**Student:** 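Pasting in a structure now, in structure tokens, and then I'll have a few things to ask.
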There are 2 protein chains.
Amino acid sequence: MAKGTIRLADVAKAAGVSQGTASNVFSRPDVVREEVREHVLETARRLGYAGPSLKGRLLRAGKVNAIGVAAVEPLAYFFDDPWARALLAAVSQVCDASGTGLALVSAKDRHKLDWNIKSALVDGFILLCVEGGEKLVQLTRERQLPFVALALNDEDSSIPSISVDNLGGAAVAARHLAELGHRRFGVLATEFSDDHVGPAGIAEIERAIYSTSRNRALGYWQALDAFGIRRETLPIYETINDKPSVEAGLEYLFSAPEPPTAILAMSDNIALLTINWLRARGLSVPRDVSVIGFDGVPEGGMVEPGLTTMAQPFAEIAQRAVQAVLHDSMPTEGEMIGVSLIVRGSTAAPKQ
Amino acid sequence: MAKGTIRLADVAKAAGVSQGTASNVFSRPDVVREEVREHVLETARRLGYAGPSLKGRLLRAGKVNAIGVAAVEPLAYFFDDPWARALLAAVSQVCDASGTGLALVSAKDRHKLDWNIKSALVDGFILLCVEGGEKLVQLTRERQLPFVALALNDEDSSIPSISVDNLGGAAVAARHLAELGHRRFGVLATEFSDDHVGPAGIAEIERAIYSTSRNRALGYWQALDAFGIRRETLPIYETINDKPSVEAGLEYLFSAPEPPTAILAMSDNIALLTINWLRARGLSVPRDVSVIGFDGVPEGGMVEPGLTTMAQPFAEIAQRAVQAVLHDSMPTEGEMIGVSLIVRGSTAAPKQ
DNA sequence: CTCCAGATTTGAATCGATTCAATTTATTCA
DNA sequence: TGAATAAATTGAATCGATTCAAATCTGGAG
């Protein structure tokens with residue numbers, strides 16, 4: 001319709017009021033006399049004015065009223081990965097409630113990511129640091145906007161981050177199984193270091209670059225220790241959280257002379273793959289083998305049997321992250337949130 | 001760090017060049033002499049300048065370089081609903097490739113939605129009109145930005161929209177089953193009108209407000225007609241695409257004296273629920289009952305047996321939609337895209 | 001040594017609103 | 001009726017960049 005776009009100034013002139021008043025009509029209607037307000041509004045309507053341009057408003061007012069969620073992944077990651085989805089769903093809930101916009105920022109390619117972060121119109125960032133967190137943090141810092149890192153695999157305390165209690169959670173998971181009577185365990189781990197798959201040794205794990213996985217392993221060890229199970233005897237297989245590597249891990253664990261009666265999976269994704277694999281092999285879950293996951297993604301509650309897992313409080317994480325970014329109250333040091341055991345059908349006492 | 005933010009003007013002054021030159025250093029580096037450029041850059045670095053503020057740039061340059069995807073749903077919808085997810089994954093792919101940002105805009109509540117749409121910093125919108133499309137289109141129009149409606153349930157040709165060939169696709173689906181030899185069908189429909197669940201009559205369907213469902217029904221009728229199956233004899237049960245209503249529909253269809261050997265589901269979601277229900281009843285798919293879906297969501301390929309379905313070309317839809325919005329080349333009238341039959345394990349010839 | 005085209009720089013105008021001190025108008029109260 | 005006070009309106013400054021016509025600088029040809 002309207003060719004040369006109508007500006008607030010045009011409306012003001014046409015209505016015979018000052019620009020200041022015209023502005024007030026839209027952004028603080030209460031301050032202008034009803035009569036005048038109606039008249040300006042009417043004029044605006046007649047001219048086809050689309051309302052105050054966000055661009056102009058933005059410049060003056062400063063706040064975009066939107067936050068960006070960033071990851072070193074293709075954009076589709078946000079819709080494909082169960083953990084990311086669960087988190088984003090929670091973040092969007094919070095944003096919804098506070099009338100904040102949500103922008104998705106990501107790219108697998110560093111250069112593009114750089115540009116995307118530089119040009120995202122947001123007031124701050126939530127960083128999904130599952131992978132490539134360092135890069136992400138660095139890029140974001142340059143932007144000089146508030147940000148908070150989630151699932152950061154780095155214990156650099158100068159990075160404002162919110163993470164879950166991986167060590168404590170893993171300990172609870174292991175204790176749960178041990179208390180049910182299990183004594184023969186197998187661990188399917190998420191990455192300890194880049195591009196490595198296969199059985200992982202103790203020394204290797206202790207100096208793993210990915211702290212998430214390392215802490216979960218430490219948690220398992222610590223809890224099992226109390227039941228007299230020494231870490232040297234606990235088989236740990238490192239996967240990359242995908243089907244082939246998980247199945248390779250299962251082959252490895254179940255080809256042992258005394259196969260495990262319980263699987264400690266470092267992610268729900270791994271746990272779910274595990275249950276499928278066991279089923280296909282004719283093993284019953286939890287009768288023959290118990291499985292416990294980690295994360296608490298919704299999918300875990302929708303399968304049969306339900307997945308016992310350590311649930312991250314997504315809502316709480318999202319709440320704090322959004323608050324931190326919006327109010328520029330980033331945690332000065334890493335903040336930690338607890339996880340809670342959700343017992344569903346995938347764990348039970350071992351067979352006699 | 002830097003308290004009072006540094007502006008381009010500050011850098012220019014500190015470097016002893018004009019603001020114009022300083023601007024060029026950042027946005028058209030090639031035009032300024034290397035020596036000067038280096039000096040300005042160095043000065044900027046020293047001052048802790050974060051680069052040209054997007055806000056200022058935006059005002060002058062005009063383009064946000066981002067599109068908004070909007071729906072009349074809670075924000076979490078984008079991460080929960082399989083169809084929305086599949087579509088968004090495709091849209092993000094396209095955006096990724098063209099360096100365009102993606103903003104999620106939604107709210108179940110009309111007032112909030114209004115505000116969210118008004119205040120989204122985007123160059124245009126893609127509207128997910130599965131539900132409440134009319135409202136959405138109306139709100140978006142006020143914003144005077146390019147937009148394109150997807151899955152619009154309204155045949156108003158003045159609305160720029162991209163939709164799939166529901167009638168043709170449904171016909172192909174029905175023909176596929178008929179050609180396999182099926183003669184006893186049951187239809188599980190998506191909504192024909194608001195808040196109605198239960199068996200749907202012909203007259204009712206013909207004047208249904210949701211054109212998507214209506215056209216799919218018409219497609220089924222048309223194809224089956226060619227096989228001598230009259231529409232009066234085809235049981236159609238209207239669901240709201242959720243578990244309870246689908247199961248009620250199945251109870252209805254299978255309590256008939258001659259239960260169907262093939263189910264025509266108007267969405268993959270319904271089809272997937274159907275397969276689960278049949279399984280739980282001890283009926284084998286496809287041996288006892290064939291099931292065909294509609295949409296082609298990824299989940300359909302990940303279950304056992306795989307779901308036969310009419311696949312929407314998500315990538316193509318996304319491509320066109322993004323192009324249309326970005327280049328303001330909205331289809332002047334509704335544009336239609338074909339769907340294609342994907343045969344997987346859930347359909348087969350009926351038992352003798 | 002002068003002149004000129006081409007390469008760089010400059011400075012001011014502009015984008016479209018918001019904001020606030022100052023001014024004008026309306027209302028209240030003695 | 002007039003002063004004091006409150007409410008509404010104005011106008012200019014401002015946000016932080018980009019843009020472009022005009023001014024200045026170069027180097028090479030004549």
Side-chain angles (χ1 to χ4, degrees), chain A residues 2-41 43-44 47-65 118-123 143-145, chain B residues 2-41 43-44 47-65 118-123 143-145:
Chain A
K3 272 282 108 70
T5 334
I6 286 92
R7 298 188 307 293
L8 181 60
D10 301 328
V11 175
K13 190 177 302 174
V17 300
S18 80
Q19 183 157 323
T21 298
S23 173
N24 284 336
V25 168
F26 291 99
S27 43
R28 317 148 83 198
D30 47 304
V31 80
V32 24
R33 195 151 43 92
E34 166 149 10
E35 201 179 313
V36 178
R37 185 177 355 133
E38 282 311 322
H39 175 229
V40 173
L41 247 21
T43 309
L47 262 46
Y49 178 58
S53 131
L54 290 172
K55 298 172 191 170
R57 184 208 297 268
L58 177 61
L59 182 57
R60 199 79 238 290
K63 279 229 157 209
V64 181
N65 240 283
K118 270 206 171 47
S119 61
L121 269 164
V122 296
D123 297 317
R143 187 73 140 73
Q144 298 185 201
L145 283 179
Chain B
K3 274 282 109 71
T5 334
I6 287 91
R7 299 188 305 292
L8 182 60
D10 301 327
V11 175
K13 190 176 304 174
V17 300
S18 79
Q19 181 158 323
T21 298
S23 173
N24 284 336
V25 167
F26 291 98
S27 42
R28 318 149 81 199
D30 47 303
V31 79
V32 22
R33 196 151 42 93
E34 165 148 13
E35 202 179 311
V36 177
R37 186 181 351 136
E38 282 311 322
H39 175 229
V40 172
L41 246 22
T43 309
L47 261 46
Y49 180 58
S53 130
L54 290 173
K55 297 170 190 169
R57 185 207 297 267
L58 177 61
L59 181 55
R60 198 79 236 294
K63 278 231 156 203
V64 180
N65 239 281
K118 270 206 171 48
S119 60
L121 270 163
V122 295
D123 297 317
R143 187 75 139 73
Q144 299 184 198
L145 282 180

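Residue numbers begin at 1 in each chain, while the letters A, B, ... track the order of the sequences. Everything numeric in this text was worked out from a predicted model, so none of it was measured.
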**Student:** OP1 or OP2 of dT9(D) less than 4.0 angstrom from a side-chain nitrogen or oxygen of Thr21(A), does that happen here?
**Tutor:** no
**Student:** Check the pair Leu59(A) / Lys55(A) against side-chain contact (heavy atoms from CB on, under 4.5 Å), numbers first and verdict last.
**Tutor:** CA-CA 6 Å; Leu59(A) 182 57; Lys55(A) 298 172 191 170; over 6 Å; no
**Student:** Can you measure from CZ (Arg60(B)) to OG (Ser23(B)) and round to the nearest 0.5 angstrom?
**Tutor:** 10.0 Å
**Student:** Nearest whole Å is fine: how far is dT9(C) C1' from Asp30(B) CG?
**Tutor:** 15 Å
**Student:** Roughly how many Å is it from CZ in Arg37(B) to P in dA7(C), rounded to a whole number?
**Tutor:** 15 Å
**Student:** If only side-chain N and O atoms of Arg33(B) are considered, is one of them under 4.0 Å from the OP1 or OP2 phosphate oxygen of dA7(C)?
**Tutor:** no
**Student:** Rounded to the nearest 0.5 Å, how far does NZ of Lys13(A) lie from CG of Leu47(A)?
**Tutor:** 11.5 Å
**Student:** List the atom of Asp123(A), the atom of Leu145(A), and the distance in Å for their closest heavy-atom pair.
**Tutor:** O-CD2, 3.8 Å
**Student:** If I take atom CG in residue Asn24(B) and atom P in nucleotide dC20(D), what distance separates them, rounded to the nearest angstrom?
**Tutor:** 11 Å
**Student:** Output a table of nitrogen or oxygen pairs between the protein and nucleotides 12-16 of chain C separated by less than 3.5 Å.
**Tutor:**
from    : atom 1 : to       : atom 2 : distance (Å)
dT14(C) : O2     : Arg60(B) : NE     : 3.0
dC15(C) : O4'    : Arg60(B) : NE     : 3.4
dG16(C) : N2     : Gly56(A) : O      : 3.3

**Student:** Is the shortest side-chain N/O distance from Ser27(B) to OP1 or OP2 of dT18(D) below 4.0 Å?
**Tutor:** yes
**Student:** Which pair of non-hydrogen atoms, one from Leu8(B) and one from Ala22(B), has the smallest distance, and what is that distance?
**Tutor:** CD1-CB, 3.7 Å
**Student:** Tell me the interatomic distance from Arg28(A), atom CZ, to dC20(C), atom P, rounded to whole angstroms.
**Tutor:** 7 Å
**Student:** Are Thr5(A) and Tyr49(A) close enough, and set up right, to give a side-chain contact (heavy atoms from CB on, under 4.5 Å), and what steps lead you there?
**Tutor:** CA-CA 8 Å; Thr5(A) 334; Tyr49(A) 178 58; over 6 Å; no
**Student:** Just N and O in the side chain of Ser23(A): are any of them under 4.0 Å from OP1 or OP2 of dT18(C)?
**Tutor:** yes
